[in-house]
**Student:** 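Once you've had a glance at the structure underneath, I'll fire off some questions.
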Amino acid sequence: MMSTSQIIGLWLSLLAVMLACRCLPLLLLRGRELPERVERALELIPAAAFAALVANDVFKPEVYAADPMAALPVAVASGVVVVVSRKSGSLVWSALVGMACYALVTLAV
């Protein structure tokens with residue numbers, strides 16, 4: 001079992017690494033012009049984070065195999081979200097329409 005001083009040391013070490021990973025890039029890149037390719041790549045981060053959160057619920061083969069009707073709301077809502085995100089390019093609209101569509105399909109089924 002770890003002692004209190006070891007736990008505090010571990011916690012402080014993790015805190016220092018976390019702050020360094022989050023704050024150092026901001027401090028080092030402040031006021032600098034980034035290459036266009038880097039800026040385009042950074043613009044994809046919100047969509048990638050949203051996709052990672054949603055993918056865990058959308059791709060569950062055991063749900064589809066057990067009861068395809070239980071997976072219907074997720075499949076329909078994700079299809080609608082793809083269309084909305086392609087048309088609008090907005091993460092907010094995609095999330096709002098996806099939640100509304102999921103709720104409506106769940107009530108209908």
Side-chain angles (χ1 to χ4, degrees):
M1 187 155 152
M2 294 177 67
S3 68
T4 304
S5 62
Q6 289 175 323
I7 292 173
I8 291 173
L10 178 63
W11 185 79
L12 289 174
S13 301
L14 293 172
L15 180 65
V17 170
M18 181 185 67
L19 288 174
C21 290
R22 291 181 180 203
C23 296
L24 281 179
L26 293 175
L27 294 174
L28 295 174
L29 295 175
R30 184 178 45 169
R32 291 189 179 184
E33 187 73 26
L34 296 175
E36 182 183 335
R37 291 182 68 176
V38 173
E39 287 184 9
R40 283 191 303 165
L42 290 175
E43 289 173 357
L44 297 174
I45 290 175
F50 182 68
L53 290 171
V54 172
N56 191 32
D57 293 328
V58 173
F59 299 111
K60 289 187 177 179
E62 63 274 5
V63 173
Y64 292 101
D67 184 16
M69 288 306 288
L72 182 66
V74 174
V76 171
S78 60
V80 171
V81 166
V82 168
V83 172
V84 169
S85 65
R86 296 290 293 176
K87 293 283 185 185
S88 70
S90 170
L91 182 63
V92 173
W93 279 113
S94 298
L96 291 174
V97 169
M99 288 186 294
C101 183
Y102 180 79
L104 291 173
V105 173
T106 302
L107 290 174
V109 173

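Computed from heavy atoms alone, side chains included, the values below leave out hydrogens, waters and symmetry copies. As the structure is a computational prediction, the values presented were derived from the model and not from experiment.
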**Student:** So if you build clusters from Ile, Leu, Val, Met, Phe, Trp, Tyr with side-chain heavy-atom gaps below 4.5 Å, do Leu14 and Met2 land together?
**Tutor:**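 Same hydrophobic cluster.
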**Student:** Counting only heavy atoms not in Met69, do more than 12 sit closer than 6.0 Å to its CE atom?
**Tutor:**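 At most 12 heavy atoms, drawn from other residues, nucleotides or ligands, come within 6.0 Å of this atom.
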**Student:** Side chain to side chain contact (heavy atoms under 4.5 Å, CB included), that's the test. Do Val82 and Ser78 meet it? Break it down for me.
**Tutor:** CA-CA 6 Å; Val82 168; Ser78 60; 5.6 Å; no
**Student:** Which distance, rounded to the nearest 0.5 Å, do you find between the OG of Ser94 and the NZ of Lys87?
**Tutor:**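 So the gap between those two atoms works out to 13.0 Å.
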**Student:** Which heavy atom in Ala20 sits nearest to a heavy atom in Pro25, and how many Å separate them?
**Tutor:**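 Nearest heavy atoms, Ala20 then Pro25: O-CD, 3.6 Å.
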**Student:** Measuring from Leu10:CG to Leu15:CG, what's the distance to the nearest 0.5 Å?
**Tutor:** 11.0 Å
**Student:** Tell me whether Leu28 shares a hydrophobic cluster with Val38, the cluster being built from Ile, Leu, Val, Met, Phe, Trp, Tyr side chains joined at under 4.5 Å.
**Tutor:** no
**Student:** Linking I/L/V/M/F/W/Y whenever any side-chain heavy atoms sit under 4.5 Å apart, do Val17 and Trp11 land together?
**Tutor:** no
**Student:** On a heavy-atom basis, which atom in Ser88 and which in Trp93 lie closest, and how many Å separate them?
**Tutor:** OG-CB, 4.1 Å
**Student:** Should Leu19 and Leu27 be regarded as members of a common hydrophobic cluster, given that ILVMFWY residues are connected when their side-chain heavy atoms come within less than 4.5 Å of each other, either directly or indirectly?
**Tutor:**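 No, Leu19 and Leu27 fall in different hydrophobic clusters.
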**Student:** About how many Å separate CG of Leu12 and CD1 of Ile7, when rounded to the nearest 0.5 Å?
**Tutor:** 12.0 Å
**Student:** Can you tell me which residue among Val105, Leu104, Leu107 is in a side chain to side chain contact (heavy atoms under 4.5 Å, CB included) with Pro73?
**Tutor:** Val105
**Student:** Go through the steps for Cys101 and Val76 under the test side chain to side chain contact (heavy atoms under 4.5 Å, CB included), then give the verdict.
**Tutor:** CA-CA 8 Å; Cys101 183; Val76 171; 4.1 Å; yes
**Student:** Can you tell me if CD on Glu36 sees more than 12 non-hydrogen neighbours from other groups inside 6.0 Å?
**Tutor:** no
**Student:** Can you tell me if CD on Glu33 sees more than 12 non-hydrogen neighbours from other groups inside 6.0 Å?
**Tutor:**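 Counting other residues, nucleotides and ligands, CD of Glu33 stays at 12 neighbours or fewer.
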